[in-house]
Visitor: 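Take this structure first; my questions come after.
Since this is a predicted model, take the numbers as computed values, not measurements. Each chain gets a letter, A, B and so on, in the order the sequences are listed, and its residues count up from 1.
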Number of protein chains: 2
Amino acid sequence: MPVNLPPLPAIRAFEAASRHLSFTKAGEELGMTQAAVSYQIKLLEDRLGFLLFTRKTRKIELTEHGALLAAKVIDSFASLRTAFEDISKRSAGHLVVSSNTTFAVNWLSNRLVHFQMQNPDIAVRIVPYGPNADPEFNEADIVVSACKAPPKGWYSHELVQADFTPMLSPILLETVDEITAPADLLKLPIVDPQDTWWTDWFTVAGLPDVDLSHLPNSRMGSQALEANRAIAGQGVAILTPYFCKTALETGQLVQPFELTCRAEDESWYLSYPPTHRNSRKVRLFRDWVHAELQRDGMPVLSPTAMVA
Amino acid sequence: MPVNLPPLPAIRAFEAASRHLSFTKAGEELGMTQAAVSYQIKLLEDRLGFLLFTRKTRKIELTEHGALLAAKVIDSFASLRTAFEDISKRSAGHLVVSSNTTFAVNWLSNRLVHFQMQNPDIAVRIVPYGPNADPEFNEADIVVSACKAPPKGWYSHELVQADFTPMLSPILLETVDEITAPADLLKLPIVDPQDTWWTDWFTVAGLPDVDLSHLPNSRMGSQALEANRAIAGQGVAILTPYFCKTALETGQLVQPFELTCRAEDESWYLSYPPTHRNSRKVRLFRDWVHAELQRDGMPVLSPTAMVA
DNA sequence: AGGTATGCATAAGGAGATTTTATCCATGCC
DNA sequence: GGCATGGATAAAATCTCCTTATGCATACCT
């Protein structure tokens, strides 16, 4: 077990005083009075058992021992300072976004490059977020997720509400006679039939009694994967149109019905711990996300709107 | 002006916690509770704006940033610790004795070697003490001096009282017919006639009216030099027999009268600042001086006797 | 499986160090 | 000689920092 150091405030005072060779100046640097520095130095001298400074009139000089010690202490403090500076710089330049796969794949992946170009000094790393996510998400600066409740205690911005409607591949669509009524969907394989969105949607569509529980459950749990299966023609998936924009535009998916539902109690949130409230990198990313959403014509809440 | 560091207690807590990877153990090492460590770490994390540890159940791990920082902080603290250890060792092994020339020449010089042999780990340096002494005496660990009052605030041990009696070279003695009465001394040159000891001695010797003020004054101010002039036959000096022991034994000086005076208000003192109260090196030297005096048959006060 | 022990988080409260304020002193400088 | 500068010191205020007490999660043991 390491040796105990003398009281740290005393060491700090000594460090500053030995650099300035002045208690007054040291006090100014440390934001305290000359008296306090004097007190701390005396404390340290008493502790060590020898004088660190010889007090001449209107100036002080380091004693032999004092000079020896000062050199090393100044050095150690310089190391400490650069250590904290470095880590601060590094932290300021590294943004870890813990994102839901859906958002990461369908939204972030092809836009992130723009953020990078706008902010070349910030290195972004995307890490998965979810029930079985790497616990590394603890180190995330920002979380983007579809949760009923964002991480408690965190600052959260609602991004978009979770709309959903069935989607399928046009190729799959051709395999059936026609899809004119919601009930027609039941002729097709259903991707992730236990997703509660299905019953919600069917209910709104006028079929409150549809029971999908007997169907094999793929339990993908991520729109990104469900969308992939739908694109691959493996079935009908219930998806958020906004996140399928590209697939819809390129004709990989079609939306057979206009009817979309909105989950009132479930939204996409961007959140971050209170400590990041004033973090530049977080602010830049948050504002960038909002700007992107706005470009897409999404009804975006004020960038500063915050959900407690 | 250097960057401000985060609160030092927080850094210290982090340093220990990152070494132990345990708040509890860190607390034990630092002599505080686990709660206090936890508090300090959180403080630091808030200050930095990112987590330093990821809290798993029953153990903690350093985050990426935390690990980076820990390496450097541990390093800096190690430097600090060795700096203080080194200076303590060095201080413990260096003894600066600020001594009156008389004591240094007549007493210390030929005995010091014994102390060195008994304590090979202590390097002794003698520096002059006196009205026109090098201001370096400020760094002295011990002062030996004949003062009416030892440095105020210092711990002081009375060594011997200042006895004095006239001394002269036997060669000088032969140049006069005979010295039988104190008044005979006046036929000889007087070394340092303004030394108040002369009038004191003559008064006790029954010649209260002797006035030496008209004599040329050499103003040596140090028994060592006065003794040298006496040995050289340049006159009669008034000296402390104990410090002339060698010269008396070898016949370089003789003491014409048994009569010695004692300066009631003037003694030889060994003193040291209160901070050295428990210093090993000071204790060893002080006790050694007492032992030497005792070997000489001097009536020595208890080694722990202290004059406030 | 249940109980216990371990390790960290948190709130409230208090003890104590640390800092400030207010002087004092010495001396360099104009 | 008078003023300004720089440090020492005592008393008082402040405000960290630490402890106590408790809760919570979970690993480990029987």
Visitor: Can you measure Phe53(A) atom CZ to dG6(D) atom C1' for me and round it to whole angstrom units?
Guide: 14 Å
Visitor: Which is more 5' along DNA chain C, the nucleotide nearest Leu8(A) or the one nearest Gln34(A)? Just name the residue.
Guide: Leu8(A)
Visitor: With respect to the side chain of Ile60(A), which nucleotide from dG7(D), dT19(C), dC18(D) is positioned closest?
Guide: dG7(D)
Visitor: For Lys25(A) and dT5(D), what is the distance between atoms NZ and P respectively, to the nearest whole Å?
Guide: 12 Å
Visitor: Looking at the side chain of Pro9(A), which of dT18(C), dG7(D), dC17(D) is the nearest nucleotide?
Guide: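 Nearest listed nucleotide: dT18(C).
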Visitor: Under the side chain to side chain contact (heavy atoms under 4.5 Å, CB included) criterion, do Thr33(B) and Tyr39(B) qualify, and how do the steps go?
Guide: CA-CA 10 Å; Thr33(B) 60; Tyr39(B) 170 86; over 6 Å; no
Visitor: Is the distance between the ring centroids of Phe23(B) and Phe53(B) less than 6.0 Å?
Guide: yes
Visitor: Using a cut-off of less than 4.0 Å, is there contact between a side-chain N or O of Arg58(A) and OP1 or OP2 of dA26(C)?
Guide: no
Visitor: May I ask you to verify if any side-chain N or O of Lys59(B) is less than 4.0 angstrom from the OP1 or OP2 atom of dC8(C)?
Guide: no
Visitor: Can you measure Lys42(A) atom NZ to dT19(C) atom C1' for me and round it to whole angstrom units?
Guide: 17 Å
Visitor: Just the rounded figure in Å: distance from C1' of dT10(C) to CD1 of Ile41(B).
Guide: 15 Å
Visitor: If you assign Ala35(A) and Val37(B) each to the DNA chain D nucleotide with the nearest heavy atom, which residue ends up on the more 5' nucleotide?
Guide: Ala35(A)
Visitor: Starting from P on dC15(D), measure out to OH on Tyr39(B) and report it in whole angstrom.
Guide: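 The answer, rounded to whole Å, is 13 Å.
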Visitor: Thr54(A) vs Leu51(A), test: side chain to side chain contact (heavy atoms under 4.5 Å, CB included). Steps then yes/no.
Guide: CA-CA 7 Å; Thr54(A) 53; Leu51(A) 294 179; 5.6 Å; no
Visitor: Let me spell it out: for each of Pro7(B) and Thr57(B), pick the nucleotide of DNA chain D with the closest heavy atom. Which residue's pick is nearer the 5' end?
Guide: Pro7(B)
Visitor: Specify the closest pair of heavy atoms between Ala104(A) and Ile126(A), including all atoms of both residues, with the distance to one decimal.
Guide: CB-CG2, 4.3 Å
Visitor: Tell me whether the OP1 or OP2 atom of dA8(D) has a side-chain N or O from Ser38(A) closer than 4.0 Å.
Guide: yes
Visitor: Take the protein atom CD1 of Ile11(B) and the nucleotide atom P of dC17(D), then report the distance between them rounded to whole Å.
Guide: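 Going from Ile11(B) (CD1) to dC17(D) (P), I get 11 Å.
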Visitor: Could you state the NZ-C1' distance from Lys56(B) to dC8(C), rounded to the nearest angstrom?
Guide: 15 Å
Visitor: Determine the contact category for Gly31(A): base if any of its heavy atoms lies under 4.0 Å from a base atom, sugar-phosphate if only primed atoms, P, OP1 or OP2 are that close, otherwise nothing.
Guide: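 Counting heavy atoms under 4.0 Å across all strands, the contact made by Gly31(A) is with sugar-phosphate only.
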Visitor: Yes or no on side chain to side chain contact (heavy atoms under 4.5 Å, CB included) for Glu45(B) and His65(B), after CA distance, side-chain angles and deciding distance?
Guide: CA-CA 11 Å; Glu45(B) 287 175 331; His65(B) 286 332; over 6 Å; no
Visitor: Whole angstroms only, please: what is the CZ-P distance between Arg55(B) and dC24(D)?
Guide: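 Value for this atom pair: 19 Å.
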Visitor: Taking OP1 and OP2 of dC18(D), is either one under 4.0 Å from a side-chain nitrogen or oxygen of Thr33(B)?
Guide: no
